[in-house]
Every structure is written in C-alpha cells, then in structure tokens.
Amino acid sequence: MYGSIEAGGTKFVCAVANEDLEIIERVSFPTTTPEETMELVIRFFKVYQNKLKGIGIGSFGPIDVDQDSLTYGYITTTPKTSWQNFNFVGAMKEHFSLPIAWTTDVNAAAYGEYAFGKGKGLSSVVYYTIGTGIGGGALQNGRFVEGFSHPEMGHMMVMPHKKDSFTGNCPFHGNCLEGMAAGPAIEKRTGKKGQNIQQDDELWDIEAYYIAQCAYNTTLMLSPDVIIFGGGVMKQHHMIKKVQQAFENLMQGYVKTPSLTNYIVTPELEDNAGTLGCLALAKEVEIHS
Ligand code: ADP
Ligand code: ZN
C-alpha cells in the first residue's frame, strides 16, 4: 500500500491506496498545531503500518526540498507560526521507517495531473492553483523544475487592469499575481466571495486578465505542453475561455502555442489531483529506494 498526505494551510487530507493506487481510505482534519495535527496523521497511518511501502507528502510552504540541506523536509518560513521550522519528514520518519517523497502541495497536484490527468503522456506540464493563495508547479520529463528551492510562481508580477483600482493584498509584494487574483483578493476588492459573484460581472474580465498574464509569462519562460489552472476560483467554469481570449490578446500571435483549448485548461482530476499525485510520488520513491 501507499500513503499520501496533502498538507494544506486549512486542512490535511490523508489517504492510503493499493498497489494500483486505488484509494482505500481517506480522512481529513483541520490544520491546527503540529502537535495536534501530526498525532492524527500518525494514528491514521499506524493502522496500515505493516502494509505501507511508501508515503508521499505535498505540503503548504515554503518548504525545504534541498536533499543536501540540514533542514531538508522542514516547513520553513510559513506565516503559520506554529508550523515554522517544523521538521515534517523527520516527524514521519520517527514513526515509520519508510521511503518518503516530499514536495509542495501544488507540485503534488501537478504530479497528479501529469501522471493521470491532463498532463498524461506529455513531457512538460505546468499546474497552478488559484485558491486562498496562488501556487504553481512545473514538471519536465517527470521531474520538478527547481534549483536552490521550489518555484514560487504565484508571486510573479502582473500589470494592473485599466479598470482595476485594487492595489493588491500580498503582504510581501502588494500587487503580485496572488495579491491581485487569489480568492481573498477578489473578496477584498468586491466585498463578496468569488462563489457569490455573477458570471456576467466585470470582475471576471479583470480576474481573467491576471490569470492570462500568468499563462503568458509561463509560455514565454517554459513553452510547456500544457498549462493547467485549478483551485477554488477556477470552479467558475466560464473563466477558462476568458483566460484563453485574454491570453490571445496579450500574445498577439508572437508564439504559436498548441490550440488554446488543449493548452490552457482546467484540471481533469479536480480536487483529487493532490492526493493522487502524492500516491504516485510515494510509489516512485519506493521504486527508487
Ligand atoms: P485552498 O486554496 O484553501 O486549498 P480553494 O482552492 O477551494 O482552497 O480556494 C478557496 C478560495 O477559492 C476562496 O477564496 C473561495 O472564495 C474561492 N472559491 C471557492 N469556490 C469558488 C467558486 N465556485 N467560485 C469562485 N471562487 C471560489
Ligand atoms: Zn506576493
């Protein structure tokens, strides 16, 4: 069996699956303190201890993914103070002597789509989540694109929309992509949550303009085979077409991309991308251990 931990800022989702990565049990609990939350995680996996061959973790971050670092496996400078400098992989290793795959939550979702969803069979896949925050992960031939650390693509700079007077709410950069286009930015700008805003509201043109800039920057930097936009905000199904159109306006034909309906897309696995990605990573890490 394989285990997965999707460690999000608001909730943890843990699952176990069989050899074919079919999910056998899945549980979810709120992210409180490491003491409380990890106790529930450990208790869940203890039941399957003798059958487990590997565990994949996709965590909120920033996290340390540098295998040579003394703090590999730690959550590092997160705004959630009780989780700062928490040795996540170490805490798991204390209880389970198993191979453990460790990456960001959004990389795990990217891997899920790469292995089983819209990225299947492609060599270069980029995945963004537009939710409480904005994060991005990129895969090249089955490996995450990273150097000294994992990417932080959600904080790329964007040009303000002409009709948008909102100045952004990222505590670090103000009007970066996350500061302008994540769910809380929509709520702060309009006084309403995205799920309560009508489809024909001008807000969605503004939102699409920012997401299109993200697709534009991604295209120019990586020329991937596909760019997938998931997360709560993309549950507005009319949005993806608006993003494709705004992207076309920005690109002005400079780069000939694949057909936009296959190139700028929503996830196939919806909310399962993270769990399936963690499970696939658990299997990978076990095979190579
Ligand atoms: P998280 O990022 O916390 O894992 P989500 O991806 O669900 O969770 O993102 C939550 C954000 O997405 C909230 O700001 C919420 O208002 C927004 N959101 C959720 N559902 C929708 C929807 N149907 N339309 C627009 N915005 C939504
Ligand atoms: Zn930012």
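Throughout, numbering of the chain's residues begins at 1 and tracks the sequence. Just follow the structure's listing: the first ligand is 1, and inside any ligand the first atom is 1.
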Atoms of ligand 1, numbered as shown, that sit under 4.0 Å from any heavy atom of Gly194: 24 (N), 25 (C), 26 (N)
Name of the residue among Asp64, Asn85, Thr76 meeting side-chain hydrogen bond (donor to acceptor under 3.5 Å, both in side chains) with Thr71: Asp64
Atom 9 (O) of ligand 1: the protein heavy-atom neighbour that sits closest, reported with distance to 0.1 Å: Gly131 CA, 3.2 Å
Over all atoms of both residues, closest heavy-atom pair of Tyr263 and Asp225: CD1-O, 3.5 Å
Tyr74 and Ser69: CA distance, side-chain angles, deciding distance, side-chain hydrogen bond (donor to acceptor under 3.5 Å, both in side chains) verdict: CA-CA 10 Å; Tyr74 282 55; Ser69 158; over 6 Å; no
By side-chain hydrogen bond (donor to acceptor under 3.5 Å, both in side chains) - contacts of Gln84 (at least two apart): none
For Ser97, side-chain hydrogen bond (donor to acceptor under 3.5 Å, both in side chains) partners two or more places apart: none
Heavy-atom protein neighbour under 4.0 angstrom from atom 4 (O) of ligand 1: no
Pair Tyr48, Glu25: side-chain N/O donor-acceptor within cut-off below 3.5 Å: yes
Within-2.8 Å protein N/O/S contacts of the Zn ion (ligand 2): His155 ND1, Cys170 SG, His173 ND1, Cys176 SG
Top protein contact for atom 24 (N) of ligand 1, by heavy-atom distance: Gln236 NE2, 2.8 Å
Donor + acceptor pair across side chains of Tyr128, Thr218 (<3.5 Å): yes
Ligand 1 atoms in contact with Gly183 (distance to a heavy atom under 4.0 Å): 14 (O)
Nearest neighbour in protein (non-hydrogen) for atom 8 (O) of ligand 1: Thr132 OG1, 3.9 Å
Residue that, paired with His161, satisfies ring-ring contact (aromatic ring centres under 6.0 Å, His included) out of Tyr209, Phe166, Trp204: Tyr209
Check ion pair Glu113-Lys118 (N to O, under 4.0 angstrom): no
Subset of ligand 1 atoms that lie under 4.0 Å from at least one heavy atom of Lys235: 23 (N)
Best match, Gly232, Ala185, Gly274: closest heavy atom to atom 22 (C) of ligand 1: Gly232
Residue Gly231 vicinity, atoms of ligand 1 by number, heavy atom under 4.0 Å: 6 (O)
Contacts of Lys235 that satisfy side-chain hydrogen bond (donor to acceptor under 3.5 Å, both in side chains) - sequence neighbours left out: Asp271
Proximal candidate to atom 18 (N) of ligand 1 [heavy atom criterion; set Glu187, Gln195, Lys192]: Gln195
Carboxylate-amine/guanidinium contact Glu187 Lys192, below 4.0 Å: no
